[in-house]
Amino acid sequence: MVKVTVCGAAGGIGQPLSLLLKLNQNVDELSLFDVVNVPGVGADLSHICSDSKTESFVPSSKEDKSALANSLKGSDLVIIPAGVPRKPGMTRDDLFNINASIVRDLAQGIAENAPKAFVLIISNPVNSTVPIVAETLKKNGVFNPQKLFGVTTLDIVRANTFISQLYAKETKPSDFNINVIGGHSGETIVPLYSLGNSKSYYEKLSQDDQKALIHRVQFGGDEVVQAKNGAGSATLSMAYAGYRLAESILKSFKESSVVECTFLNLDESIKGAKEAKQLINGLDFFSLPVKLGVNGIEEVHYQVLQQISDDEKKLLQVAIDQLTKNIEKGVAFIKN
Ligand code: APR
């Protein structure tokens, strides 16, 4: 029996993510939690004749903790796209404080009710919310770095799509699986086009076109925000990305050798984490390709850091500088 819980299931990301999970044959129980509207989403999804059971949970008041507890109990995997989008007049700090509190409270719920679950964080800013979850789980004595994942998969999805669009006659997006390392916002995102089968295509581009491609991956989210006239950010592609990582994790319960990039805590108990840290100024959190297994992250493929081009090394340095601050901000939110 595999139980998956989505926290924030009634949102723009949460709904399509829940639909995809409802269709996954490895999910036996789908638990939907949100502070609003989730009974409707749950009722709607429950009519789909896939084999998983759907349940929805909404708190009856601000003080009601039982809905979250019941939603989380017995979960193998918890995915968190809960949060608020930035509203007019709100600063990034205002947004940070709101989402940070939401994520912290959900992590507290996980610590109390599903301490062994795999946890996938979508709520932004991922570079800071993942450290918040790690610190909260640590405080409760239940942190397992092998099971905490910041979802950076949308950056990989975009990197694959965007290079393929430049070679539309010769390639399809599925021809590529670009490693994207670093963090999950702007210049912290470092696509490694110089490795693997993208190398020959990337090297055919002029320097300006290479720069434009990297920029498009780093700031791809802005294209969606503009196309939605500022009324929202990526939801469908983000749901797909979150689903892809969840699907890989569910697959790794049954087979080994699944590799995905994820933003993880480079705890030295994980094979390859110590070597990775030494190559990125000792950062505690970073996105790298990892090998998944039944216990979660089994090995960090730090070797990509030794194979990157000189141009990518420069991008990496910028990413490290920004990430240091983002991570500190998340840790400070819990510690202070
Ligand atoms: N617990 C559970 N769900 C919550 C909570 C909470 N404490 N607070 C808010 N939510 C729910 C909202 O009710 C809403 O249904 O989270 C959902 C968020 O959905 P949207 O507002 O549509 O936002 P969305 O576009 O899905 O983005 C969610 O993901 O990519 C990030 O930056 C994005 O942080 C944002 C998050």
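First listed ligand is number 1; within each ligand, the first listed atom is number 1.
At least one N or O atom of Ile13 sits closer than 3.5 Å to an N or O atom of ligand 1. Residue Gly12 has at least one nitrogen or oxygen atom sitting less than 3.5 Å from a nitrogen or oxygen atom of ligand 1, judged on distance alone. Close N/O approach between Gly11 and ligand 1 is found [any backbone or side-chain N/O within under 3.5 Å]. Among the atoms of Gly83, some N or O lies under 3.5 angstrom from an N or O of ligand 1. Between Asn124 and ligand 1, at least one N/O pair is under 3.5 Å apart. For a threshold of 3.5 Å applied to N or O pairs, the pair formed by Asn99 and ligand 1 contains at least one separation below that value.
With atom 36 (C) of ligand 1 as the reference point, the heavy atom nearest to it among Pro125, Gly232, Pro81 is part of Pro81. Ranked by closest heavy atom to atom 13 (O) of ligand 1, the top entry among Val38, Asp34, Val151, Leu106 is Asp34.
Looking at heavy atoms from C-beta onward, Asp76 lies out of side-chain contact with Val4 at the 4.5 angstrom threshold.
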(request) Let me see the working for Tyr202 and Tyr167 under ring-ring contact (aromatic ring centres under 6.0 Å, His included), right down to the final yes or no. (result) CA-CA 10 Å; Tyr202 184 66; Tyr167 293 98; 9.9 Å; no
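Each of Tyr193, Phe176, Phe162 was checked for a ring pair (Phe, Tyr, Trp, His ring centres under 6.0 Å) with Tyr201, and the lone residue meeting it is Phe176.
Lys291 NZ: more than 12 foreign heavy atoms inside a 6.0 Å radius. Other residues, nucleotides and ligands place more than 12 heavy atoms under 6.0 Å from the CD atom of Glu255.
Interface atoms of ligand 1 facing Thr235, defined by a heavy-atom separation under 4.0 Å, are 25 (O). Counting atoms of ligand 1 from 1 in the listed order, those under 4.0 Å from a heavy atom of Val36 are 13 (O).
Protein heavy atom in closest approach to atom 4 (C) of ligand 1: Ala82 CB, 3.6 Å. Among protein heavy atoms, atom 21 (O) of ligand 1 sits closest to Pro85 CD, 3.3 Å. Remark: minimum distance from atom 2 (C) of ligand 1 to any protein heavy atom is reached at Phe33 CE2, 3.5 Å. Nearest protein neighbour of atom 7 (N) of ligand 1, counting heavy atoms only, is Ile102 CG2, 3.6 Å.
Closest heavy-atom contact between Ser123 and Pro81: OG-C, 3.7 Å. Nearest heavy atoms, Leu45 versus Lys22: O-CE, 3.3 Å.
Salt bridge Lys211/Asp208: absent, no basic N to carboxylate O contact under 4.0 Å. Glu223 has a carboxylate O that lies under 4.0 Å from a charged side-chain N of Arg216, or vice versa, which qualifies the two as a salt bridge.
Judged by distance alone, with hydrogens and angles left aside, the side-chain atoms of Glu312 form a donor-acceptor pair with the main-chain N or O of Ser309 at under 3.5 Å.
Residue-ligand proximity: Ser123 is placed with a non-hydrogen atom under 4.0 Å from ligand 1.
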